[in-house]
Protein chains: 2
Amino acid sequence: MPVEAKVDIGARSATPPLTERQEARRRRILHASAQLASRGGFDAVQMREVAESSQVALGTLYRYFPSKVHLLVATMQDQLEHMHGTLRKKPPAGETASERVAETLMRAFRALQREPHLADAMVRALTFADRSVSPEVDQVSRQTTAIILDAMGLTDPTPAQLSAVRVIEHTWHSALITWLSGRASIAQVKIDIETVCRLIDLTEPEKKP
Amino acid sequence: MPVEAKVDIGARSATPPLTERQEARRRRILHASAQLASRGGFDAVQMREVAESSQVALGTLYRYFPSKVHLLVATMQDQLEHMHGTLRKKPPAGETASERVAETLMRAFRALQREPHLADAMVRALTFADRSVSPEVDQVSRQTTAIILDAMGLTDPTPAQLSAVRVIEHTWHSALITWLSGRASIAQVKIDIETVCRLIDLTEPEKKP
DNA sequence: CGCTAATCTAGAACAAGTTTCAGACTTGAT
DNA sequence: ATCAAGTCTGAAACTTGTTCTAGATTAGCG
């Protein structure tokens, strides 16, 4: 009789299902990754250290995550799920869609400010990722889109609204980068977010029927 | 009598002036960097190869550019100067400021499409740069801002307009990244640019005096 | 010219991401 | 219980960015 029963992963795509111990390994790795990242950011996440912290051989680490960037992007997926859950509990209270989106993003931004090193590791990995990580990065993007659409209160957005959301995501990522590298202040990021969110208002014609 | 006369660099900041041979070395290095980048993108720019191609010792390369990212960001500064010069010659013809900015950015985008690997190397370096490269990255950002303000036909922008420009830059960088990593099509980038450029119209109240 | 400090060179050495491999352990099926 | 296939481990090797060193070369000056 097999010692480990199979376990099903929810969101992940056509990955062969993992056994319990494998799932546990995967969690240990992601936990170690986030922990090291929280200390010293991107550079502090050293593959040998991640392997050691998570009690896994280096080769195994690379079997689970084929590169450091893959690992950090997966870490981001993980954190984003948390975040989305948290945000769902307390929906933003703004009047307009653009206010609610800005409020949501600022809330996320404040969460990132609490762990700036972790934010650094995740965001740098995300923007540095090359084609080999596209599927994973895309997943992060879809998750982010979902969060924004949630804040807008939309279920089926128009193409124009999707464009606006895409631009908002661009701004979000890039503004984070400039903040993380010390080239923009927190206040500046706030302004940029509020500025870009006004785009949303352009996609809903004024109420003048 | 000194064999090499001192030579003054225009735009660079408080760098001690370089001799002619030093200036020549610097150019050789930047040329080699761009050439290697044009082949295989970020990964193809290997410091040893750059040193060899530019007939300079590895240690010297590092004296001129303290890291690979510094080198590639400097390469981008270099290319941006070209670009700005080229764009000045044929100013965009659009009616509105937002049309002209979008046209300008699309022109730049088409230039990048001709050397996608070079674009990859430069943009990845730019967004991966950490604090130690902030001054150089900031210089690139100022140059980009200047290009956009040029297209808008402005000399002294309002704070609101500067915000809009900043968001446009964010979108520009991030959209390039998604294109370079194969997650967005050329058409999509075009739409994103056009979408974000509409922000400019929000900073100039409608002509209803 | 001849000196001193700065710069450049060749090459070794080091650091961290990634790959590889032989041998031990698990899994799933019989 | 046993076997074949797949997985994990530990360790070494390889790659490429970065640092260091000793000895040449060059720059600037009296």
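Note that the structure is predicted; figures quoted are calculated from it, not measured. Every heavy atom of this structure was used, including side-chain atoms; hydrogens, water molecules and symmetry mates were not. Here is how names work: the chains are called A, B, and so on, in the same order as the sequence lines, proteins then strands, and each is numbered from 1.
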*Euclidean distance, B:Met83 CE relative to B:Glu81 CD, rounded to 0.5 Å*: 12.0 Å
*May I have all residue pairs that pass side-chain hydrogen bond (donor to acceptor under 3.5 Å, both in side chains) and include part of residues 37-46 of chain A, sequence neighbours excluded?*
none
*Quantify the bending of the helix from C:dC1-D:dG30 to C:dT30-D:dA1 as the angle between its end axes, each fitted on five pairs, to 10°.*
20°
*asked:* Walk along nucleotides 4-17 of chain D from 5' to 3' and tag each nucleotide B, S or - by protein heavy-atom contact under 4.0 Å, base first, then sugar-phosphate.
replied: ---SSBB--B--BB
*Can you list the residues that meet the side-chain hydrogen bond (donor to acceptor under 3.5 Å, both in side chains) rule with A:Asp120, with sequence neighbours excluded?*
A:Arg124
*Do any of residues 119-136 of chain A sit with a heavy atom less than 4.0 Å from DNA chain D, and if so which?*
none
Donor-acceptor pairs under 3.5 angstrom involving side-chain atoms of residues 29-37 of chain B: please list them, not counting sequence neighbours.
unit_1: B:Ser33; atom_1: OG; unit_2: B:Thr75; atom_2: OG1; d: 2.9

*Nearest 0.5 Å please: distance from the OG1 atom of B:Thr144 over to the CD atom of B:Gln139.*
9.5 Å
*Carefully, step by step, assess B:Val137 and B:Leu126 under the rule side-chain contact (heavy atoms from CB on, under 4.5 Å).*
CA-CA 7 Å; B:Val137 175; B:Leu126 203 68; 4.1 Å; yes
_For A:Trp179, give me all partners under ring-ring contact (aromatic ring centres under 6.0 Å, His included), at least two apart in sequence or on another chain._
A:Phe109
*Which residues share a salt bridge (Lys or Arg N to Asp or Glu O under 4.0 Å) with A:Glu103, sequence neighbours left out*: A:Arg107
*Does anything in residues 181-197 of chain A pair up under side-chain hydrogen bond (donor to acceptor under 3.5 Å, both in side chains), and if so which pairs, sequence neighbours excluded?*
A:Ser181-A:Arg183, A:Lys190-A:Glu194, A:Asp192-B:Arg166, A:Asp192-B:His170
*In whole angstrom, give the distance that lies between atom CG of A:Leu71 and atom C1' of C:dT18.*
14 Å
Under 3.5 Å between N/O atoms: give me all the protein pairs with nucleotides 22-24 of chain C, atom names plus distance.
none

*So which pairs with a foot in residues 48-74 of chain A pass side-chain hydrogen bond (donor to acceptor under 3.5 Å, both in side chains), sequence neighbours left out?*
A:Ser67-A:His70
*Between C:dG17 (C1') and A:His70 (NE2): distance, integer Å*: 14 Å
_Going by ring-ring contact (aromatic ring centres under 6.0 Å, His included), name the pairs with one or both residues in residues 121-169 of chain A, residues two or more places apart or in two chains._
A:Phe128-B:Phe42, A:Phe128-B:Phe128
_No-hydrogen, no-angle side-chain donor-acceptor test under 3.5 Å, B:Ser141 and B:Glu169_ = yes
*asked:* Rounded to whole Å, how long is the line connecting atom CD of B:Glu20 with atom P of D:dG28?
replied: 11 Å
*Roughly how far, to the nearest 0.5 Å, is CG of B:Leu105 from CD1 of B:Ile147?*
8.5 Å
*In whole angstrom, what separates B:Leu72's CG from D:dT18's C1'?*
15 Å
